[in-house]
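This structure is a prediction, so every number in the text was calculated from the model and none was measured.
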Amino acid sequence: MLNTKPTLKKIKLTFGSSIVAIQETKKRKRSEAFWHFHPEVEMVYVNKGKGRRHIGNHLSYFNNSQLILIGSNLPHNGFVDRLTSKGKETLVQFHPELLGNTLNSIPEMKNILQLLERAKNGILFKSEIKKVVGPKIEKLPKHEGIKRFTKLLEILELLALTDDYTLLNENGYVFEIQPQDTDKIDKILKYVNKNFQSQITLDQIADVANMTVPAFCRYFKKVTGKTFTQFVNEYRVFYASKLLTESQSSVTDICFECGFNNFSHFNKVFNDVIGKSASKYRNEIKSLLQ
């Protein structure tokens with residue numbers, strides 16, 4: 001089975017550019033379609049093809065085309081299973097800090113900032129706006145320098161003004177992490193990713209952050225909006241949703257594999273986070289795949 005832990009992926013930028021804009025016309029290798037997250041915002045436009053979306057706790061399939069916007073640190077998987085002979089996938093990635101404090105403070109950026117906030121839940125844009133914006137996204141890799149930046153702003157403004165969309169992960173799991181102090185947060189996330197299947201004490205994680213336990217608790221709550229215990233439990237539930245989708249293990253086995261040591265507690269936390277029991281979630285996924 002593929003690695004099911006969400007991996008922190010480092011986005012590689014070309015020299016002199018702060019926006020990744022690339023186009024693919026070939027089927028993506030299976031090894032490249034792994035479960036990951038990154039602080040960069042990601043826009044994916046497929047003009048012709050079919051595949052699976054797995055964004056946060058949302059799982060669905062598309063046939064023919066799709067346009068999605070994925071916010072910072074929202075775990076997701078690869079999208080295209082197969083492109084048609086004339087199909088193209090355009091991928092755009094940029095860090096939210098690309099807009100900078102100056103642009104963030106001007107009224108004209110309000111709509112785009114609200115769009116990026118909504119994108120933390122994953123946005124699927126529907127047919128009308130897709131027809132308008134899709135060709136513009138496909139042209140983005142051809143632009144360089146300031147022109148690529150201004151064309152990206154134009155695209156984001158169009159997406160920000162439309163109501164022709166749906167949120168994919170509206171009640172699901174999101175890493176609510178601010179861009180401040182990213183090195184420390186990266187260390188914490190990597191430690192959780194490596195050790196969440198076993199008990200993580202506050203002493204252990206505070207030591208990773210090089211802080212006292214009280215200072216760490218205050219810091220973590222301020223940065224993520226969650227207590228560390230809540231964060232780890234949600235992380236485990238997110239991992240459980242992945243296993244419920246892709247593995248044949250029993251719900252009980254998945255409970256313990258995710259780091260919970262009490263089945264009733266697992267059920268309660270899963271229901272609180274996902275809005276339904278683990279068994280119901282699995283049954284719905286099975287119905288979707290049939």
Side-chain angles (χ1 to χ4, degrees), residues 19-28 32-33 37 40-72 74-94 96 108-143 147-174 245 275 284-285 287-290:
I19 303 167
V20 172
I22 55 177
Q23 205 162 81
E24 295 286 348
T25 56
K26 296 180 180 179
K27 179 181 176 181
R28 180 178 296 166
E32 295 174 357
F37 61 94
E40 291 79 10
V41 177
E42 180 167 308
M43 184 189 305
V44 181
Y45 174 61
V46 179
N47 72 345
K48 189 179 292 185
K50 60 176 66 175
R52 182 179 69 172
R53 310 181 189 97
H54 198 153
I55 301 171
N57 288 314
H58 172 89
L59 178 65
S60 62
Y61 288 77
F62 67 93
N63 188 8
N64 188 31
S65 66
Q66 71 161 356
L67 170 56
I68 55 176
L69 187 65
I70 304 169
S72 296
L74 175 58
H76 56 280
N77 210 330
F79 303 103
V80 177
D81 289 339
R82 179 176 63 84
L83 290 171
T84 66
S85 59
K86 297 182 180 180
K88 288 186 290 187
E89 177 191 41
T90 306
L91 174 70
V92 181
Q93 296 168 323
F94 61 94
E108 288 81 0
M109 292 299 299
K110 178 181 178 182
N111 293 329
I112 292 178
L113 294 176
Q114 290 176 344
L115 171 71
L116 297 184
E117 186 65 27
R118 290 195 297 274
K120 291 180 180 180
N121 290 303
I123 304 174
L124 172 66
F125 294 95
K126 299 181 182 178
S127 59
E128 291 305 313
I129 187 64
K130 190 165 55 176
K131 291 176 185 177
V132 174
V133 173
K136 296 180 183 293
I137 296 173
E138 288 185 325
K139 292 178 182 178
L140 202 59
K142 300 176 183 177
H143 300 305
K147 192 169 185 179
R148 179 179 286 187
F149 177 71
T150 56
K151 290 295 183 182
L152 175 61
L153 288 183
E154 178 186 337
I155 290 168
L156 292 175
E157 178 72 4
L158 289 170
L159 295 177
L161 294 176
T162 186
D163 58 2
D164 193 30
Y165 70 87
T166 185
L167 297 180
L168 298 177
N169 193 54
E170 189 168 10
N171 298 312
Y173 184 75
V174 181
T245 301
E284 289 182 358
I285 293 297
S287 298
L288 179 66
L289 297 178
Q290 288 176 350

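A donor-acceptor pair under 3.5 Å is formed between the side chain of H76 and the backbone N or O of L74. With N111 contributing its side chain and A160 its backbone, the two residues share no donor-acceptor pair below 3.5 Å. In this structure, the side chain of R118 does not engage the main chain of L167 through any donor-acceptor pair within 3.5 Å.
Atom OG of S65 sits about 9.5 Å away from atom NZ of K131, to the nearest 0.5 Å. With values rounded to the nearest 0.5 angstrom, L158 atom CG is found 12.5 Å from D164 atom CG. Here I112 contributes atom CD1 and E154 contributes atom CD; the two are 10.5 Å apart, rounded to the nearest 0.5 Å. Separation of atoms CG (L156) and CG (L152) is listed at 4.5 Å; rounding is to 0.5 Å. If you take CZ on F149 and CD1 on I19, they are separated by 6.5 Å, rounding to the nearest 0.5 Å. Within the model, atoms NZ of K136 and CG of L159 stand 11.0 Å from one another, a figure rounded to the nearest 0.5 Å.
Between E42 and V20 there is no side-chain heavy-atom pair separated by less than 4.5 Å. Within the 4.5 Å cutoff, the side chain of T162 has heavy atoms near those of the F125 side chain. Side-chain atoms of E89 and Y45, non-hydrogen and from C-beta on, never get closer than 4.5 Å to each other. For the pair V92 and L140, the minimum side-chain heavy-atom distance is below 4.5 Å.
Of all non-hydrogen atoms in A21 and P141, the two that sit nearest each other are O-CB, 3.4 Å.
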How far apart are the C-alpha atoms of E138 and K88, what are their side-chain angles, what is the distance that settles it, and do they pass the side-chain contact (heavy atoms from CB on, under 4.5 Å) test? CA-CA 9 Å; E138 288 185 325; K88 288 186 290 187; 3.5 Å; yes
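Looking at T166 and K126, their side chains never bring a donor and an acceptor atom within 3.5 Å of each other. Side chains of T90 and Q23: a donor on one and an acceptor on the other come within 3.5 Å. No donor-acceptor contact under 3.5 angstrom links the side chains of E40 and Q93, judged on distance only.
Just one of L168, L115, I68 meets the side chain to side chain contact (heavy atoms under 4.5 Å, CB included) condition when paired with I123; it is L115. Of the candidates I70, N121, L124, I70 is the only one forming a side chain to side chain contact (heavy atoms under 4.5 Å, CB included) with I55.
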